[in-house]
Every structure is written in C-alpha cells, then in structure tokens.
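Sharing a structure here in structure tokens format.
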Amino acid sequence: MGLRSPWTTLLIALGMLMCLVMPGASVKEHDFKKCDQSGFCKRNRAYADKATAESSRWQSPYNIQPASVSFKDGQLHAVIQKTTNAKGDTVNLPITVSFLKSGNARVTVDEERRQKQDIELRHDSKIRKERYNEADKWVLVGGLDLDKDARVSHQDETQTNVQYGKEGNLEAAIKYSPLEIDFRRDGASHIRFNDRGFLNMEHWRPKIDKEEGQEEKDGEDESTWWDETFGGNTDSKPRGPESIALDISFLGYEHVFGIPEHTGSLSLKQTRGGGDNHNEPYRMYNSDVFEYVLDSPMTLYGSIPFMQAHKKDSTVGVFWLNAAETWVDIVKSKAASNPLTLGKAEKTNTETHWISESGLLDVFVFLGPTPQDLTRTYGELTGYSAMPQEFAIGYHQCRWNYISDDDVKDVDRKMDKFKIPYDVIWLDIEYLDDRKYFTWDPHSFTDPTGMGKQLEDHSRQLVIIIDPHIKKLDGYPIYDQLSSQDLAVYDKEGKVYEGWCWPGSSNWIDCFNPKAIEWWKTLYKYDKFAGTAENTFIWNDMNEPSVFNGPETTMPKDNIHFGQWEHRDIHNINGLTFHNATFEALKTRKKGELRRPFVLTRSFYSGSQRLGAMWTGDNQATWEHLAASIPMVLNQGISGFPFAGADVGGFFGNPSKDLMARWYQAGAFYPFYRGHAHIDSRRREPYLLGEPYTGILTQALRLRYALLPSWYTAFFQANRDGSPIVRPMYWTHPSEEAGFAIDDQLFVGSTGILAKPIVEENKFSTDMWIPDDEVYYDYTTYNVVSTQKSKRVTIAAAIDQIPMLMRGGHVFARRDIPRRSALAMKYDDYTLVVSVSKDGVAAGELYTDDGDTFEHEKGQYIYRKFSLTEDSMSSVDAEGRNAKSVKAGAWLKAQNRVHVDKIIVVGATEAWNKKEVEIDSEGKTWAVQVDYHAAAKGQAAYAVVGRVGAKIGSDWSIKLA
C-alpha cells in the first residue's frame, strides 16, 4: 500500500465511519458483483447458453479414455481428455470416483499439468501451481471409508457401471463419450452429471499478448483471464483462468433446498428470470453485506455448498467441496414424456449449474432416500453440531455497545429486578482500548474482573468480541508478536497485507498457519488476558474477512496465505479457520481445565458446525426481516449447521413495541436466541418497554427457559445424528407434498411441538398447516384443534400469544420453576408433558449432562426414553445402560436429588380417571395423587400426576390397569 498524507487517511476513515454508522441506509448492491461482472461466472454462463442453444448438435468436449479406466477396492480411476480446439489438441484431467461405505459417492477431477506443476506463473508469483487441494483437511472428519464390496456390474468400450451401497441397490453409470455420470437407486436415475454438457474445466495455457480487439479470437473472451478489475481494485491472476463448472440434474425433483447463506424461501427459486424467479445465480462468496436485502440470491456471510432435492418419499443431494467463489444456477424443466406414465402427472426436473473460480472439481453424491439419511451422512463427512454449554441455549442480551462495566452491571441488576431470565451479556467493540483486541478501555471498563464476578455470582456469563484484524501499531504487544513471528496474511508482492477495519490500518492473522493457531491459543489464557475468567466466552465477527477498503469489502483474491495458496482458493473457509483457532484457544485457557467452548461466528463453511453457533448478521428492525429469519434458520438446520439464530429485534433501526413482542416470541424458537442492536438504535432491553410489553417479552423468555430440557435434548440429537434442531415440514413429513415448500412453521426437535410465530404487523391469528391425521392440542389451553391432514387451521394469537400446538404421540420435558438463568435451574426437578395420540400412546426422550465439560464423552450423562401405552407409562435408559455400567462422577451423583415432579397427560384416557396411581422404581412403590379433568367445551381430558418423586436418572413405571 502506498503512502498517504494524514489528511487523505483522515478523510478515508471518516468516510468509512459515516457509511458504517448511518442508520436507514441499505446495502449498495452495486458494491457486490453480479454474474456478468465476475469473469469466470460470465464465461461459464455463456458456455451453458451456447450448449443449450446448440443442444441438438452440441458435443461436450470431455471424454474418458477407455484404456485408462481401472477399478479396485471401491475406487474407479480414469483420465478424461478434454479437446481444446478444432485441431483436436487435448489436455488430461485425472478423475477418481470413490464409493463409500456410507452409501455416498465422491467424484474428483484434477488437471494433470497443474498437478505436476508443469505451468508458468505470471508476475513472478511464488504461489502454488497446483489447483487448491486442501479443503478436505479443514472440512472433512469422517465418512470416507471405501466400500470395498462395490463391484463393476457392467463394462464395455462405452461405459462402466458400478454397483454399491449397503444393500447393493445403488449404481453409478459412467458413460465415456461424452463424459456423463448417472447415479441410480433401485434402478431409477436420480442425479446426473453433465447430461446437459456444461462441464467446463479451464485448463492452463500461456498468456499470448494480442492486439487490441483480438481478445475474442476463436470465440473466447480472454478479457478477464489474466487480470480483472471491479470497484477500482485489480485482481492479478498468476495462474490465469482456472474455473470449474458442472451441470447437475435432479431427475423428477421439483424442490431443492440448502446452499446457505441467502435470504428467501426455503425451497430455492429458479435463477434464469421469469415470474417471481431470480435473474442471478445464487452466489457463495462470504462477504460483509451491510443491511442485506431480502429475497435475493446475492452472497451473505457464510457458505455451505450442500444442496438437497426432495420429492414424495425421496431425498437426494450433492455437496460441492470447493472453497473458492461459487455461483449456482437453478432451472426447472418438465421431464421428457414417457409412454409408460400415461395418465400420471408430468414430472419436473431441477437442473443446476455449479461454477467455481478455482480448485478441484470435488463433489459428493447422496442418494438418501430420506432427509434423515442426508443429514446423517453429511454429518459423518463434515462433523455434527457441537454439544453446547447449556447456558448457550438460553437467552443472550447484547447491543453495540454496553458503554461501561457499570452499565453491564446495571443491566444485569435490572434484569433481575424485573424477573427477566437471561444467561449471557455481550460486549461489542467499544469495550476495547483503541480497538486493540485483548485489551479493555481504561476509562469505561476499569474493573472487568469485578464485572465478571457479579455476573458469576448471578449464574451468568460474559461474551466479548474478538476479530481477526490486528491494529497495526508498534508497541501494541499483539501486533508486535504477529509481526515478529510472521503469522499474518501477505499481499501478492510478498509483503504483509495491510487493510482497513475497525482499528484503522490492520494486519490479518493467517489461521491456515498451524503456528498462528498455537500463538492464538496463548492469548486467551486467564493469566495473560487480564479481566477474563471462567465465565468469559468469545464472539468472532468480521471473519469473512471484512476489509473496509478491500474489493467487495473483503480481502483481495491475490493475497497469499500459509502454504503459498492464493486467497481466491480458500476464501470461503477463511472464517472457519479463525473460528477454529478461537475454539481451540478456549479449550486450553488453564492447565487441567477442559470445558466446552462457546464461540459465535459470522462467517462459516461446511464444518463450522463443529465449533459453535452462527447468526444471520446485520438484519433490520422490520417485519419483513423478522419473517425472513425463519426460513434462514430452517435452512441452516437442514444444511448441517443448526445452532443458528437472527438478531432479535433487528440490528438496524428502532422496532415498534409490537415488533419487539413478536420477535421475542419468534426468537424463542431460534436455536441461538440473542437480542442485539446497532449503536445508533435506541436502548431496548426488555424492561424498558413498559407494560404490557415487558411482560410479553418475559413470557416468551420464560417459555424458552421452561423448555430448555427439550431444547438441550434436540441439541443432543443434532450432535448424535445431524438432525435439525428446528425442523421444516418436508423433513418431518417427507410424504406430504403440500408441505414441501412451507417454511414459516416448524417442529422443535422430536417434541411434537409445532410452532408458527406471528411475523406480520397487526395480525392476531394465523393459519397453520397440519401435516398428518394425528390429533393436535393447543399448548396452553389443551384444546383439541380440529384438524385434517394437509389442511390449514386458524389459530388465534393475541399480541401475548404464540401459535403453538402439541402433536399427539409425544413426551417432552420441562422445568417449570422460573429462574434467572439456565445455570440456576441446574438441579430443578422436571415436569413431563405427555400428548396422547389418537391410538392412546406416546413416546419421547430426555438427555441431560453437566452442560459444561466433556465428561459426557466418558458416559457422564442421563438419557431417558419415556413411553405411554394404554395401560402403563415408563422411563427406561434409552441405551439400555444400567447404574453399574458407568461409574458416577460428581455431576451424575448429584442427579440423585433431581426428580420427576409431575406428569401432565393431555388427551388422558379414562384409565387416568382415578384418585391416585402407583409408582414403581428402584424396588420401591408409592402412591401419587392424580388430578383428572374430563373433556369439556373443546378442551381435551387431561390429568396432572404429582408429586411423582422418581429420580430422573432411574427406571420407573406406572401401571394404569
């Protein structure tokens, strides 16, 4: 970066500050690329247009050489030859198709010449010559064992068919010329690669200077092959053009989901215009998007290139493992008519086109057949959601910024005064001394230790923000260490990269460097980071990375990271690497201490779910943004990162009291529940709203806290098998076509609780879609909801009510004593709520552990299964463990004083119509009173059984007959 005068620097800083803090401004879409402004996207879209226009005579130039094909131990190896010109010149592209024990398949294509480093770099660059091939080291954690029982079922000079899968019912038909791969289940085609001929792997070629006007010789536009300018920034390209693209068709599938993070519907829209469709592809290029717009395919803060396609009773998907900028086009077409399907509805194909700037072509294929199969096997690959500390699923109180330690303590006291539960208070960047991380402002935060101690005394936590940009200031120890140990990102000239962010001139830690992670871990130790304690946790923001004066508000693509990889290669996993460094740091703050970290991230990629939570960034205090948050959170859940939420109340602006009420009610159903606000927004802590609104917000918060045992159980299920914590209708009811596109209501874990928050102004009822023939009860009144499968029922919802039903057939746990925080509830007894099915039965689960350490990995947990039949109710260990199979530690021993307090049976049969029932547990029996209420005026019969008195971790039973 060249030298600037002090006045120039000051003007730039003031301009940036005005842009960042001016309320009411909307995102400047022209600051972010459209496809035709991104050279490789434009080229590949044009390539696809040409193939489509010439479909009758188009011939894809990619062909497998039959003699190169070999198959052994679950892997097929071959060489694709790409014909590059009319003279018949070719380049070699090695392909590997791996068949995995999980039932997934993996297709990887590289470029032989780059692989052998047989290319020349421009600009005397020192970067790597290969295509980036290390994304899997950051993203994949398992599920890669080869299916050595896979076998070639057919092979000739034109194709090879491989049969695989646990049941041997999966097949990949690999056609040689032109290359096409057809993935089949039970003989039917579900996913097809390159059936439209869009495969394009831009091979290396030397730059030949041409006269002006000759850039499009041979029909190729070379204007963005070697350099590209956008927004005043020029991107040099030492390796030249190297994009990859592939068309992937989902045959017979009308709905596709996933590829967060974007605003819009859960069921993704088409991207080639017409009607309500988008005109742009969905873009994945992690960016700091200021006040993002709604219903848009433009990029946001994170990327998960995992797409699922669903139709009645079948789900399939693909995972595009590539960390570079990626665009995805989606179109839908009617399937070719089949004379055997006369009289049946014409099927729809969803045809997608994936385009990445660099790296390998590396795609995983999932053939289902259920949504649960996809989330489970995707989790095997990339990891399941981290088991959080229990406080983390409570309510978080935040704003930019609490101005002093006295301010924090005052908010904490007032939340107690008004009996409003919360678990965590947060500090944004104003707590820092001159925006220097690992410091405290000496004037406003004079006693951070005392502040943390008050929070600890009240069973609460503190979260502070730490970002990846380090203030460039000699004498600042963190900067001096970053510099002296050579741990920063470099620019294309081999100098430490300097850009602007909150501190002004900054350098960025390079967390691809193992030494940088080790250094980062030293900074969080309690004895080094003064003012922090056991109840201090971390928020990682701006880790896309956000660079105020960078192209598209991020880092130049030709910057250089550890290993000599260009930033263009690794951009979308940059945030994950920083998140990972902080996660590792929090595990090593004190010798002998091993506690679960809590780290919130804004930027993310596949695998980030292993490390903590995310939120949807800088939303606005509008009804439209409230409504958009629900499909965004649902999409995160089905995409493997369920610990998700949105800023409750909206980050920018001043919400009305009604909007606050409805947003807190909706937020009670976000897995991550945090109120947050911009520095220019009015203070809006719940107690400031006045009655009745303070009471309404408190009621929503208490609902969340009462249900914490069930939320924690849902997190456990996500940690075990990838299940979404909040679940959309297609995931829970994959046979009900009317529900596939519904994204404004949700089930909470496996509880059977169905909620549809109100997200419109002046609306006091809503129509809920009922997915099955089961009975449903109102959560609050126990009224039987008049339902019919695939019909909508109207639910009244005054400003203090949440439309919330209980599906028959479930048992879930609550803790009903109001407390100030989750930690304060640690040894409270449980209430079990039973919603009886039409058949008179119910089942459910409860999981609990110490909510803090990793002792649960050593068996220190309680996992119960509850069952109701016509003549009994029981609790047994869900895994068949007995008391002698695990040596109880301190927490498990303490659970002996935690009991089931009462059981509420909604839809109780006549078997419960008695004065008492007998409990049998641990060789003892005792009588417990029953308060039975007969059905009346639309209300279901219900029974309240209590005090039960059985230990929560013990087997017990009730006989009704």
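What you see is a predicted model; the values in this text were computed from it and never measured.
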Pairwise distance CZ(Phe641) to CD(Gln636) - rounded to 0.5 angstrom: 7.0 Å

Mutual orientation of the aromatic rings belonging to Phe257 and His310 [parallel < 30°, tilted 30-60°, perpendicular > 60°]: tilted

Criterion ring-ring contact (aromatic ring centres under 6.0 Å, His included) against Tyr395, the qualifying member of Tyr705, Tyr664, Tyr422: Tyr664

Presence of salt bridge, Arg720 and Glu879, under 4.0 angstrom: yes

Side chain proximity check, Val648 to Tyr673, heavy atoms < 4.5 angstrom: yes

Near-ring test Phe366/Phe319, centroid separation under 6.0 angstrom: no

Test of ring centre spacing under 6.0 Å for His396 and Phe598: yes

Check against side chain to side chain contact (heavy atoms under 4.5 Å, CB included), Asp852 and Glu390: CA-CA 7 Å; Asp852 181 73; Glu390 194 165 15; over 6 Å; no

Under-4.0 Å salt bridge between Asp362 and Arg106: yes

Separation of Thr713 OG1 from Ile725 CD1 (nearest 0.5 Å): 11.5 Å

Side chain proximity check, Phe537 to Val599, heavy atoms < 4.5 angstrom: no

Ring centroid separation Tyr847 to His856 under 6.0 Å: no

salt_bridge(Arg602, Asp541) N-O dist < 4.0 Å: yes

Aromatic ring pairing Trp539/Trp615, orientation class (parallel under 30°, perpendicular over 60°, tilted between): perpendicular

Ring-ring centroid check Tyr301 Phe604, cutoff 6.0 Å: no

Arg814 bridged to Asp901 by N-O distance under 4.0 Å: no

